[in-house]
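Remarks on the structure that follows.
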Amino acid sequence: MHELRTGSPDGARADFEQMLAQLASATNPNVRVIAANPGDWGIDAFAGDLGGAITVWQSKYFMPKTTTNQSQQIRESLANALKAAAANGHTITLWILCIPSSMDGPAASWWDGWKKRQEKAHGLVIELWDETTLVKKLQSPEGDQVRRAYYEPFTAPAASVPAQGQMRLVLDVEEDEATALDSALFVRQMTEAGHVELDSAKRQFFNADLVAREVAHKGVPAEVAALSSADATLHGVWEMQFNECSSEGTLPALHGRVWREVRSEHDKLPKVLRLEVTHSWGLVHRLVDNRRAGWVTYWRQIASGHADD
């Protein structure tokens with residue numbers, strides 16, 4: 001993505017470094033960068049006091065994988081940072097290597113041994129932000145704005161991207177996020193309706209909420225209008241099924257009937273939103289969470305009481 005954004009590996013390297021500074025700042029207080037003049041003291045970004053102890057983020061744009069061929073560069077980066085620290089009167093307590101790829105087997109084995117030796121020799125902690133760690137941090141609530149700014153606004157030309165490749169990813173919900181959703185109104189409404197297993201509902205809501213927040217953040221009129229249209233369509237699906245189930249006395253079947261209707265309506269929702277069925281179901285949960293729908297006859301009372309809580 002960085003190479004597509006900038007058009008070259010050199011541009012990608014600088015873009016990746018800028019992204020890391022923003023991500024470090026989003027997840028840690030008081031992060032700064034050092035401008036090269038002529039050197040950068042072996043620091044791409046840091047937190048702390050340059051008259052005392054600091055944390056250092058070191059960016060290395062190794063793509064498409066990291067091998068032992070890059071081990072010398074890693075050694076030199078830490079050595080330069082420690083040399084500059086000694087010369088300029090600060091101490092490095094945490095050194096974080098940031099790479100956009102994963103290490104192969106030999107590199108991972110070398111890293112684990114080298115890391116332990118350096119920590120013991122210099123009395124510091126060394127961490128690795130590799131492909132897996134960076135994706136996790138970018139998908140966290142703290143990294144959400146960085147992910148949107150550096151990745152979501154950019155799309156490759158339509159002719160070069162298969163239609164399936166344009167569909168959104170359906171993300172897993174981290175355990176702490178899932179626990180936090182236990183107090184959400186849409187979960188309360190489902191519990192009142194007798195639903196016991198709620199993991200998929202939480203995942204649906206989580207993914208739909210990411211879409212809604214992205215649309216609001218970007219503010220593209222066509223996408224804002226498309227989301228409003230999708231909400232109106234899905235609200236109509238719920239309302240029609242609610243009224244029918246109420247008149248028939250079959251309200252316990254409401255949830256399943258709405259879900260089947262949402263699946264049939266999914267392909268008709270605005271394509272600009274690039275929704276999977278999971279997102280469409282999640283948008284219904286957002287309607288419930290926004291006090292516009294529910295799964296029992298007294299859903300309005302539940303919503304009102306939840307607001308008081």
Side-chain angles (χ1 to χ4, degrees), residues 1 4 135 139 144 147-148 151-173 177-178 181 184-187 189-190 193 195 197-248 250-295 299:
M1 186 66 76
L4 289 171
V135 168
Q139 291 175 349
D144 186 59
R147 175 177 56 80
R148 293 177 182 178
Y151 302 107
E152 291 187 0
F154 175 81
T155 56
S160 64
V161 181
Q164 183 62 30
Q166 294 182 8
M167 300 303 291
R168 295 180 182 274
L169 293 176
V170 175
L171 306 177
D172 289 328
V173 186
E177 182 74 17
L181 288 175
L185 176 56
F186 81 93
V187 170
Q189 294 278 16
M190 292 192 71
H195 296 279
E197 295 294 336
L198 303 172
D199 288 347
S200 65
K202 292 178 181 179
R203 189 180 190 189
Q204 292 154 8
F205 174 87
F206 175 77
N207 280 273
D209 198 51
L210 286 179
V211 173
R213 286 193 290 152
E214 176 198 328
V215 170
H217 175 76
K218 291 165 63 177
V220 177
E223 294 183 358
V224 173
L227 182 60
S228 178
S229 174
D231 277 342
T233 297
L234 297 174
H235 194 195
V237 167
W238 168 85
E239 187 175 83
M240 181 178 66
Q241 294 298 328
F242 183 88
N243 290 336
E244 288 184 4
C245 287
S246 295
S247 64
E248 297 168 358
T250 58
L251 212 59
L254 173 61
H255 187 269
R257 287 171 59 165
V258 168
W259 254 224
R260 286 189 289 273
E261 284 298 311
V262 169
R263 181 180 287 278
S264 67
E265 287 289 331
H266 169 73
D267 290 338
K268 303 174 187 176
L269 297 178
K271 296 297 187 291
V272 67
L273 296 175
R274 301 182 289 116
L275 303 176
E276 294 281 6
V277 175
T278 294
H279 298 105
S280 298
W281 283 338
L283 289 175
V284 177
H285 287 307
R286 289 189 79 254
L287 290 171
V288 174
D289 207 63
N290 290 331
R291 299 174 173 82
R292 298 171 60 195
W295 304 113
W299 67 269

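Bear in mind the structure is a predicted one, so any value in this text is a computation, not a measurement. What you see below is based on every heavy atom in this structure, not just the backbone, and it leaves out hydrogens, waters and symmetry mates.
For the atom pair OG1 (Thr278) and CZ (Arg168), the distance works out to 13.0 Å, reported to the nearest 0.5 Å. Between atom NE2 of residue His266 and atom CH2 of residue Trp281 there is a gap of 9.5 Å, rounded to the nearest 0.5 Å. Within the model, atoms CG of Leu181 and NE2 of His285 stand 10.5 Å from one another, a figure rounded to the nearest 0.5 Å. If you take OG on Ser280 and NZ on Lys268, they are separated by 12.5 Å, rounding to the nearest 0.5 Å. The distance from the CZ atom of Arg148 to the CD atom of Glu214 is 6.5 Å, given to the nearest 0.5 Å. With rounding to the nearest 0.5 Å, the separation of CG in Asn207 from CZ in Arg286 is 12.0 Å.
At distances below 3.5 Å, at least one donor-acceptor pair connects side-chain atoms of Thr233 with backbone N or O atoms of Ser229.
Note on residues 231-243: no pairs pass salt bridge (charged side-chain N to carboxylate O under 4.0 Å, His left out), not counting sequence neighbours. Within the structure, the ring pair (Phe, Tyr, Trp, His ring centres under 6.0 Å) test picks out the following pairs touching residues 204-228 (sequence neighbours left out): Phe186-Phe205.
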Go through the steps to decide whether His279 and Val170 satisfy the test side-chain contact (heavy atoms from CB on, under 4.5 Å), and finish with yes or no.
CA-CA 8 Å; His279 298 105; Val170 175; 4.0 Å; yes

Report the C-alpha separation of Asp209 and Arg213 in whole Å, then their side-chain angles, then the decisive distance to 0.1 Å, and conclude whether the salt bridge (Lys or Arg N to Asp or Glu O under 4.0 Å) test is met.
CA-CA 6 Å; Asp209 198 51; Arg213 286 193 290 152; 3.6 Å; yes

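For Ala216, the side-chain contact (heavy atoms from CB on, under 4.5 Å) test picks out no residue, with sequence neighbours left out. Among residues two or more places apart in sequence or in another chain, the salt bridge (charged side-chain N to carboxylate O under 4.0 Å, His left out) test is passed with Glu261 by none. With sequence neighbours excluded, no residue forms a salt bridge (charged side-chain N to carboxylate O under 4.0 Å, His left out) with Arg292.
Nearest approach of Ser246 to Leu251, heavy atoms of both residues: OG-CD1, 3.8 Å. The heavy-atom pair separating Leu283 from Ala230 by the smallest distance is CD1-CB, 4.3 Å. The two residues Val288 and Gly294 make their nearest non-hydrogen contact at CG2-N, 4.2 Å.
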Show me the side-chain donor-acceptor pairs of residues 253-260 shorter than 3.5 Å, one per line, residues at least two apart or across chains.
from	atom 1	to	atom 2	distance (Å)
Arg257	NE	Gln241	OE1	3.0
Arg257	NH1	Glu248	OE1	3.0
Arg257	NH2	Gln241	OE1	3.3
Arg257	NH2	Glu244	OE1	3.0

